[in-house]
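Below: the structure, in structure tokens.
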Amino acid sequence: MAWILLLILATIWGTSFILMKKGLVVFSAMELGATRVSVAALLLLPFALRHVSTVERSRFKWLGLSGVVGTLIPAFLFAYAETKLASGLAGVLNALTVVFTLVVGALLFGQRLTALRVLGIALGLAGTVVMLLLGGSGGTDTPTGEGNAWYGIYILIATIGYGISVNVIKHKLGGMTPMAVTAVLLLLIGGPALAYLLAGTEFLHKLSTVPGAWTAFGYIALLATMSTAVAMVLFNRLIQQSTALFASSSTYLIPVVALAWGALDGEAFNLWHLLGMVIILAGVLIIHRAR
């Protein structure tokens, strides 16, 4: 079941990068990030209202922390990065989540480092480097030259937040159902995101006046529904069924899907991508077998 969830999540999240790219055709990075969080929170609002009264008061700070660093901030950082980076390359950089999950787990939560785990992380990172340095390039709509490479820093920061969030959910929110964690978490961050979207951006004006705005909004709504609301529930379930490190290893498979969508949209795909993906998959297998 853990492997099935891993593959489903990789497919959903791997598709998210091309959806962001399509949404950015009309909306700004800030508008996209706020819309993504707001729509996901509204979708799960009935579940949040059902569960919020059952949550222990001491756990709200951990839900808030996980929501801010693992959902809210990354939604803006990834969108901003993709204004200059190809969607496939953004998916590749997302694999750094596994590295920071291990680092945060070891530093703050007593995660045991074994030789096999380190080897698996090293292989996954090596595969990422291969695709980034030797195979990373964009399509005609999103050129990715050396001048744009620094936009990857935004994804680096986002993956650090992912690493913190994964460990918080695993070690501080045990016993809560995946739906309760996801819905209440989104409830805490959804209000500020929605307020900013409606009062601090041109979202409504663009939606009513810009050609293609509703199509772009459809891409973002699909992103919010599948990649944020549904995927977060599945991911929280995966965390509870396995280790935080294994759950985060879904990000090793995401580049496979992200690069495939990017290739279909005109972004570069070559043998270096294939080599990098093979190395990454080897790292995932080693991490899964490590004890």
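Note: hydrogens, waters and symmetry copies are ignored here, and every other heavy atom, side chains too, is used. The shown structure was predicted, so the numbers you read here are calculated from the model rather than taken from an experiment.
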Donor-acceptor pair, side chain of [X] and main chain of [Y], under 3.5 angstrom:
X: T97; Y: N94; result: yes
X: R59; Y: G174; result: yes
X: T54; Y: H51; result: yes
X: S66; Y: L63; result: no
X: S208; Y: H205; result: yes
X: E31; Y: E202; result: yes

Is it true that the side chains of T15 and W261 contain a donor and an acceptor less than 3.5 Å apart? yes
Does a side-chain heavy-atom distance below 4.5 Å link [X] with [Y]?
X: M20; Y: R36; answer: yes
X: L9; Y: L238; answer: yes
X: F47; Y: L44; answer: yes
X: T215; Y: V25; answer: no
X: L45; Y: L186; answer: no
X: T83; Y: L24; answer: yes
X: D265; Y: K22; answer: yes
X: V69; Y: Y162; answer: no

Does L156 form a side-chain contact (heavy atoms from CB on, under 4.5 Å) with L93? I'd like the steps, not just the answer. CA-CA 7 Å; L156 175 68; L93 292 174; over 6 Å; no
Atom [atom1] of [X] and atom [atom2] of [Y]: how far apart are they, to the nearest 0.5 Å?
X: L222; Y: T228; atom1: CG; atom2: OG1; answer: 10.5 Å
X: L198; Y: L204; atom1: CG; atom2: CG; answer: 5.5 Å
X: T35; Y: F217; atom1: OG1; atom2: CZ; answer: 7.0 Å
X: L234; Y: I12; atom1: CG; atom2: CD1; answer: 5.5 Å
X: M176; Y: L173; atom1: CE; atom2: CG; answer: 6.0 Å
X: R112; Y: R117; atom1: CZ; atom2: CZ; answer: 5.5 Å

Which word best sums up how the rings of F235 and W13 line up, parallel for under 30°, tilted for 30 to 60°, or perpendicular for over 60°? perpendicular
For L185, run the side chain to side chain contact (heavy atoms under 4.5 Å, CB included) check against I189, T182, L188 and tell me which one passes. I189
Between [X] and [Y], which heavy-atom pair has the shortest distance, and what is it?
X: E82; Y: F17; answer: OE1-O, 2.9 Å
X: A258; Y: S87; answer: CB-O, 4.3 Å
X: G70; Y: S165; answer: CA-CB, 3.7 Å
X: A34; Y: F76; answer: N-CE2, 3.4 Å
X: F78; Y: A158; answer: CE1-CB, 3.5 Å
X: V257; Y: A10; answer: CG2-O, 3.6 Å

Test side-chain contact (heavy atoms from CB on, under 4.5 Å) on Y80 and L32 and set out the steps. CA-CA 9 Å; Y80 191 60; L32 189 152; over 6 Å; no
Are I18 and K21 close enough, and set up right, to give a side-chain contact (heavy atoms from CB on, under 4.5 Å), and what steps lead you there? CA-CA 5 Å; I18 194 67; K21 180 179 179 180; 3.9 Å; yes
Is the count of non-hydrogen atoms from other residues, nucleotides or ligands lying under 6.0 Å from Y219 atom OH greater than 12?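 No.
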With hydrophobic residues grouped by side-chain heavy-atom distances under 4.5 Å, do V118 and I286 end up in a single group? no
Residues that T159 engages under side-chain hydrogen bond (donor to acceptor under 3.5 Å, both in side chains), provided they are two or more places apart: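 With sequence neighbours excluded, T159 shows a side-chain hydrogen bond (donor to acceptor under 3.5 Å, both in side chains) to no residue whatsoever.
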